[in-house]
Amino acid sequence: MQKPKDVTTRGTAVRPTVQIMGTSASATSQAAPFAPTHQADHQGNGMAEHRRSLQSVNIHNSKAKSIITNKVAPVVITNNCREEFQIHDKIQSANYSTGRISDLLPEHYLVLGEFFMVQDVYNRADVLNTTKSHGAPNFRKVKGKYPLFGMGQPSLNGFKQVLQRLQIDGCEEAIFICVREEPVVFFRSGGDFIPYTPRGRENLHENLHDLDRELSAEQIELSIRKELCDFAKLSENKFYVYNDIEHFKDEPQQVQILSEEDIHVTEEVYRRPLFSQPQHRYYRLPLPMEGAPLEETFDAFVNILRLTPNLFLMRDSSRPPPALLFSCQVGVGRTNLGLILGAIVFHHLQGAAESPRQEMQKSEHKLDFQVIELLISRLPKGQQVLDEVDDAIAMCSDMHNIKDAVFENKLKLEGIGEDYQIQGNSTKGYFLQRTLQSLERYVYLLVFNAYLHEQYPQAFPQSFSQWLCMNAWIYRLLACMDSSELSTPASLITDGIRVLVSSQFLATDLLSTAKEMKVANFRRVSKMALYGMAQPNSEAVAVVMSYLTDQRRGHSTILWLNLQEELVLEANGQMFTPREPGSLEQPIPVCVQHPQKLQEMELALKQDILRCEKWLEVITEQDKQMRMFKTCQTIEELFVHQKSVHPGLSYQRIPLSDFCAPKEEVFDQLLEAMKSSLAEDPNCAFIFNCHDGKDRTTAAMVIATLTLWHINGFPECEEDEIVSVPDAKYTKGEFEVVMQVVRVLPDGHRVKREVDVALDVVSETMTPMHYHLREVIISTYRQIKKAKSEADAQCLRLRSLQYLERYIYLILFNCYLHLEKKDSWRRSFSQWMYQVAARAGVYAILNHLGFSEFENPDDSLMARLRFRWLPHSVQFIPMRGQLI
């Protein structure tokens, strides 16, 4: 019988905090909206009490001596007169969801409000055919002599058979590691307990993933067991499960549930048999289906090593090391990742594997990705680290090879010509994500091996999380993993795939300077030779240069710093930047290692535009227009021409990301550029521009203000005024995380006060913009509650955190200027951050960034460096190039 498309459900429709790979089963409301058990116990909403009371309903008649009714509820007194309790009428109708897979199948209760219980492992999944012989599907030992084993999910008797097999193989000590993140429960069947998992109706073959981070898989399993016992009490001690989800022959099956002992959770299946094997231990280490594990998962794995003396480097060499056995559902993807981690550990413990090289069957695919090359070039013993990981992957490649997965996903991505949509999603976007996830998993194995090289000989004084915060440059590197924009064809504009958008459309002239200066938002910091503006064209550059070099101002040396990380061209006297037709407001940043790459890409774009000699669609401040471009030049060419008129003009491109704190290297580049120019001429003027002269320009002007104050002397800083306005504490920047950093820094309060004065001075130049960093932080955060959608709320949360981080970075930079001034800042800011600030715990603070006065920062992944430093866009930008 085939599964029909429709589904009917009734009961409470509260969605648990879980996802499946697709859409979930639906349920319609019947009773009062209580949360499912796994939410109720956490939130304390009374549902757990209702369910405990429910167990009192099925009282055997012989136990009850009398029932006394009252207006509240019946009171039951047992024969021995030792128990008295009430039966509440509402319990019988229970606030549970019910549903059916099709009209031809019976309706029954749904686990966690919407899921069906499906037999965990189907027969065809056992590719190695080891369930009967070894007790578990796909049971195997890795190549070589390391005591490493992998398998799929066994039943209770199957696990006992695995234990016997290990005993026959001479394993005196074994560590069993279940790497499943999804809940699994085991129903009594004959003399065994068989595993079942909750599945969504539309994805009966897919397990739940991305579970509620506040609840462990064990807690969810216990909640499911409580629900199942309640369901059985309401259904004559029966519950429906599904074994055949292909044809639904004789489905659903009934299982009998008389008590909790008829259902086991994963921990019981693995731990109870170990009482007869005191040298064996069990751990649960949830690994993700895709991508790299979170840092705390690596920490948990390291803790297993710490708790196992026989895995120490200084262990008793006369004793064999313990066997490590990893298991997931079918023993392939996540089990393979666990085996590789184990193989890397045994390499450090026992040296290189002794198996012959030809047996290892290394992947023929060399992963030539820029992120890998940059990583191994900066890691100590980088090439050795990579070779060891490749050996471990080859050793564990019987059923899955991580490197092959990266290559195959990339091949599928490159095989898609014109992008197309499936269920509203981009196909290229899907395979790009899969490629990046598999690449991330490989890169994190390299990083973890580098960690072991440093920390294993010292018995892990630092956790993996702590070590990564001490090496935060790795997060910066990982943020540039998708470098596909570097390889986009120059012909995207002439082919009509992208359009040119004018600077007038993108930059609103809030300061009303375009009429006089020919550029939007031109301004100067009071009493300083610091200027900011939007992106100028050649006419505006000429006007600005004439203004700065006139008799009144008389600047003979000028350094112009362009902060754009997008491609920009001047065509027919107007400035344009490429954008996607459906996302005109969304910038397309190009992540480059060297700014010269931007100039090369702009030059190729210019040449293609001039070569095509056809009408092109452009977006101006008025509307869409068709233009034929006769003249076109890059920004650098524009300034080369101006330098012939004004020999004292210098130009540099220092790309800076919108909203974010500047990267450590950006501070280095800005400081070095200013130091060099001031060494030639102490009266040098500095000009900064981005696309609108607002966000990035302001950040750079504050950095320049602080730098000049350290060189020329600080103005007098008045004591803080007592301000009585809403959020005054926060508009002064006194967030808890900011003050935590201030307490760490030498003379931190003065350092912060100086930054505040610099922000005030720069903001005075742009009052009509209503843009002051300290105020923007709290105002952006306050907007989250008013967001129209969850996506908008997430965007505002990210923006508020990015602004907060930018503020902290300005404070850190000012502290650096103070402490390193005695050596004329020979040590760069990035070196100081990684060598000094990191050891003081600064990156550890930034790795839990948030508004702790209002919420728990760790509730959002954006509190972490790993996720916050990734490139984020409000709108989806299609992939137009190749992964490099």
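Just so we're clear, the structure is a prediction, and the values are computed from it rather than from any experiment.
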Charged N-O contact under 4.0 Å between Glu267 and Arg284 | no
State whether the side chain of Asp299 and the backbone N or O of Ser463 hold a donor-acceptor pair below 3.5 Å, judged by distance alone.
-> no
Is Glu665 salt-bridged to Lys663, going by a charged N under 4.0 Å from an acidic O?
-> no
Got a salt bridge between Glu855 and Arg797, using NZ or NE/NH1/NH2 to carboxylate O under 4.0 Å?
-> yes
Applying ring-ring contact (aromatic ring centres under 6.0 Å, His included) between Tyr270 and each of Tyr283, Tyr282, Phe176, report the one that passes.
-> Tyr282
Is it possible for you to check whether Arg774 lies under 6.0 Å from the centre of the six-membered ring of Tyr803, through NZ or CZ, and within 45° of that ring's axis?
-> no
Is the closest side-chain heavy-atom distance between Ile175 and Leu311 below 4.5 Å?
-> yes
Do Leu208 and Pro198 have side chains that get closer than 4.5 Å, going by heavy atoms?
-> yes
Side chains of Glu805 and Ile777 in contact at under 4.5 Å (non-hydrogen atoms) = no
Are Trp832 and Leu819 side-chain neighbours, meaning at least one heavy-atom pair lies under 4.5 Å?
-> yes
Can you tell me if Asp668 uses its side chain to pair, donor with acceptor, with the backbone of Ser830 under 3.5 Å?
-> yes
Verdict with supporting geometry, Val751 and Val742, side chain to side chain contact (heavy atoms under 4.5 Å, CB included) | CA-CA 8 Å; Val751 169; Val742 166; over 6 Å; no
Compare all side-chain heavy atoms of Leu812 with those of Phe667 and state whether any distance is below 4.5 angstrom.
-> no
Given Ile344 and Asp391, is the side chain to side chain contact (heavy atoms under 4.5 Å, CB included) satisfied, shown in steps?
-> CA-CA 9 Å; Ile344 296 172; Asp391 284 345; over 6 Å; no
When you check the side-chain N and O atoms of Arg827 and Gln835, is any donor under 3.5 Å from an acceptor?
-> yes
Report the C-alpha distance between Leu798 and Arg868 in whole Å, list the side-chain angles of each, state the deciding distance to 0.1 Å, and finish with yes or no for side chain to side chain contact (heavy atoms under 4.5 Å, CB included).
-> CA-CA 7 Å; Leu798 173 63; Arg868 192 173 62 254; 4.1 Å; yes
Under a 4.5 Å cut-off applied to non-hydrogen side-chain atoms, are Glu173 and Asn310 in contact?
-> yes
Answer yes or no: is there an ion pair linking Arg866 with Glu440, defined by an N-O contact shorter than 4.0 Å?
-> yes
Looking at Phe460, is Arg306 sitting on its ring face, NZ or CZ under 6.0 Å from the six-membered ring centre and within 45 degrees of the normal?
-> no
Short N-O contact, Lys381 and Glu388, less than 4.0 angstrom | no
Ionic contact status for Glu853 with Lys729, cut-off 4.0 Å = no
Find out whether Phe448 and Phe301 are in side-chain contact, i.e. whether some heavy atom of one side chain is under 4.5 Å from a heavy atom of the other.
-> yes
Quick one: does Pro322's side chain get under 4.5 Å of Gln279's, heavy atoms only?
-> no
